[in-house]
There are 2 protein chains.
Amino acid sequence: MAVTIKDVARVANVAPSTVSRVIADSPRISEKTKKRVRQVMVELGYHPNLIARSLANQSTQTIGIVFPNSGDLAFQNPFFSEVLRGISEGLREKHYVLQMTTGKSDEEIFDDVVKMVQGKRVDGIILLYSKVSDPVTDFLLENDFPFVVIGKPDERAEQITHVDNDNVTAALDGTNHLLHLGHKRIGFIGGNKQLMVTLNRLEGYKKALIDANIPILDDYIIHEEFLLEGGQEAVKELMTLQSPPTALLVADDLMSLGVLRTIHGMGLNVPKDLSIVSFNNALFAQLASPPLTSIDIHILELGIEAVKHLIARIENRKEPVKRIIIPYEIIVRSSCGPYVEKSIES
Amino acid sequence: MAVTIKDVARVANVAPSTVSRVIADSPRISEKTKKRVRQVMVELGYHPNLIARSLANQSTQTIGIVFPNSGDLAFQNPFFSEVLRGISEGLREKHYVLQMTTGKSDEEIFDDVVKMVQGKRVDGIILLYSKVSDPVTDFLLENDFPFVVIGKPDERAEQITHVDNDNVTAALDGTNHLLHLGHKRIGFIGGNKQLMVTLNRLEGYKKALIDANIPILDDYIIHEEFLLEGGQEAVKELMTLQSPPTALLVADDLMSLGVLRTIHGMGLNVPKDLSIVSFNNALFAQLASPPLTSIDIHILELGIEAVKHLIARIENRKEPVKRIIIPYEIIVRSSCGPYVEKSIES
DNA sequence: GTGAAAGCGCTAACAG
DNA sequence: CTGTTAGCGCTTTCAC
């Protein structure tokens, strides 16, 4: 059995509570006994049992991270590594630790969250996604449990602290970038329709077209998974249309890579035959050939800010609800070209 | 305050201990009272407090994951996402949860581990790296704490359960692949020299050359970080040599991408001017242009197996130490070509 | 088959 | 400034 507070107390000739106070560096303990107790602590090799402390304290200094149900596949997308990096950074400073859900299906994830929360294993939760009518969000809200979502909540956004980009405007800007180049036949490839990012980016895309008096074609709008394969599928559909688009707004770099692959496979050229504006500016956006024009949403910041406000909320339960908007910037590379009239090929 | 075991006991007209037994599904409780108690549990919305259980049990059903000190940068390398995916999968089945270190420097990481272990927050630990004279490993060993390392431990490997690839032979095979193509001037680009993977792959590389009676040139061996930039730096050095290599064994795909970039920037062609055998077979190994011949080390399996044996060890403290070797396979793509005599260019 | 009681290791009133 | 005493919520002997 490990050395406990009692052992220290006995050896140092004080009460356990005194030792506890020394650990907390309470000002009500004389420097003299503090010194002595600390001495004994190192002598005995004492380390506090954090589980016991958590039980007494009703606080764990741990926060839970919830992944979307893309489950294992999510990890393929660098968005998650990057946001995790930001979160990790934020937590380190505050001396909190991190626990992750491992569930794959929606049900498993929900159970994971319930277990974390009811099991009192975490002090707060960060949702790495936002989707329509999410039971997890409802559960957290009903239990008045501290949480923040990365993304824009579907409902009751005014009751939920969230950190997000202005995805509508970002998509609008991205689309405008293409419009300014003369493109009129612009397609949209988005992710899962349940995800708010997808919906917001779609909205911005539509807005831009409407503003430009260009009709919105349902055929030009495709939804797939935020994965390489998703991009491949989507662009196949688009390019076999009677009148295929000459430019694309793609809601994720990984999808864009898929698009590039397929396009090249068809013997077509980017940006000559097809211009692409992508999202997220992952490492491989610049590595792709051609390097992708991509909207950098500052993923790292999303993570850092999420932690910051979650911990604020944990440490002060009446911290007001906040909405944090992280700026984006469009990184222009070589995947977009001016619109050029094409001769009709058989 | 949440509903506790006592509340359930009171309402169900039994003792708290009985409720506890019902939770554990003890055979010594009659089906009848089990039913009644369970009934009350759902009525009151009871959920066990896992922290309290942990304290009583001396077990947390949590395992800790330790990253190498590349700290935040590590996340850029898909190796970690992938191994995390495997770990996550393994844990889910066993109903364990996962906690990660957030430390950046060696010291911070060491402290994280000490806190996890002494704080009794985790039942076991997985090290996602192996390096020479690692204090973390020593600490774990001295405390006889259950842990497994992914990679080959530097010292006392016979006392440490570890899951690894046969990196020596893998590198040997990779090098032979190049030798068979007629290459004689083969360079090696590896990661941090403290890491065992680097050392093992270097060893295999050397072995292959020795077997082929080709002298080993120090100038042909470069060590950088396992990152894109690392590959760039390394190949710059190599290609400015008097007599640059015609083929490369590169210990990581991300580095290989860096190599490709630089090579292309120099107006050279892969595989015509330089053949590359890479490691890890990450998603972008196949996406690169040209697609990379890469040694797939089955990262997912590494994670799954690590969990499996760690949990076995946790649940049975005298489970023997094991060494698990995960097979590798060389995936041939288009980054290697036959050696061709070159005219001397100025 | 079930209950009473002690204990896991720490914190936090309440005394003094 | 320090000690005494209850808990935190659960598990687990030991009785009956």
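Reminder, nothing fancy here: chain letters follow the sequence lines and each chain counts from 1. Basis for what follows: all heavy atoms, side chains included, without hydrogens, waters or symmetry-related copies.
Ring pair B:F110/B:F139 is perpendicular by interplanar angle, where above 60° counts as perpendicular and below 30° as parallel.
Comparing B:P16 and A:S30, the nucleotide of DNA chain D nearest to each residue sits closer to the 5' end for A:S30.
For B:N13 and C:dT2, the shortest distance from a side-chain N or O to OP1 or OP2 is not below 4.0 Å. B:T18 has a side-chain polar atom (N or O) that falls below the 4.0 Å cut-off from OP1 or OP2 of C:dG3.
Nucleic acid contact for A:S54: none, since no nucleic acid atom lies under 4.0 Å from a heavy atom of the residue.
Nearest to the side chain of B:R28, among D:dT11, C:dA4, C:dT2, sits C:dT2. Checked against D:dT4, D:dT11, C:dC8, the side chain of A:A15 finds its nearest nucleotide in D:dT4. Minimum atom distance to the side chain of B:R21 is reached by D:dT13, of the listed C:dC10, D:dT13, D:dG9. The side chain of A:T33 approaches D:dT2 more closely than any other nucleotide in the set D:dT2, C:dA4, D:dC10.
Looking only at side-chain heavy atoms (C-beta outward), A:L300 and A:V83 stay at 4.5 Å or farther from each other.
A 6.0 Å sphere centred on NZ of B:K34 holds more than 12 heavy atoms belonging to other residues, nucleotides or ligands. Other residues, nucleotides and ligands contribute over 12 non-hydrogen atoms within 6.0 Å of the NZ atom of B:K322.
At a cut-off of 3.5 angstrom, the base of C:dA12 holds no donor-acceptor pair with the side chain of A:S20.
Taking atom CZ of residue B:R36 and atom P of nucleotide C:dG1, one finds them 15 Å apart after rounding to whole Å.
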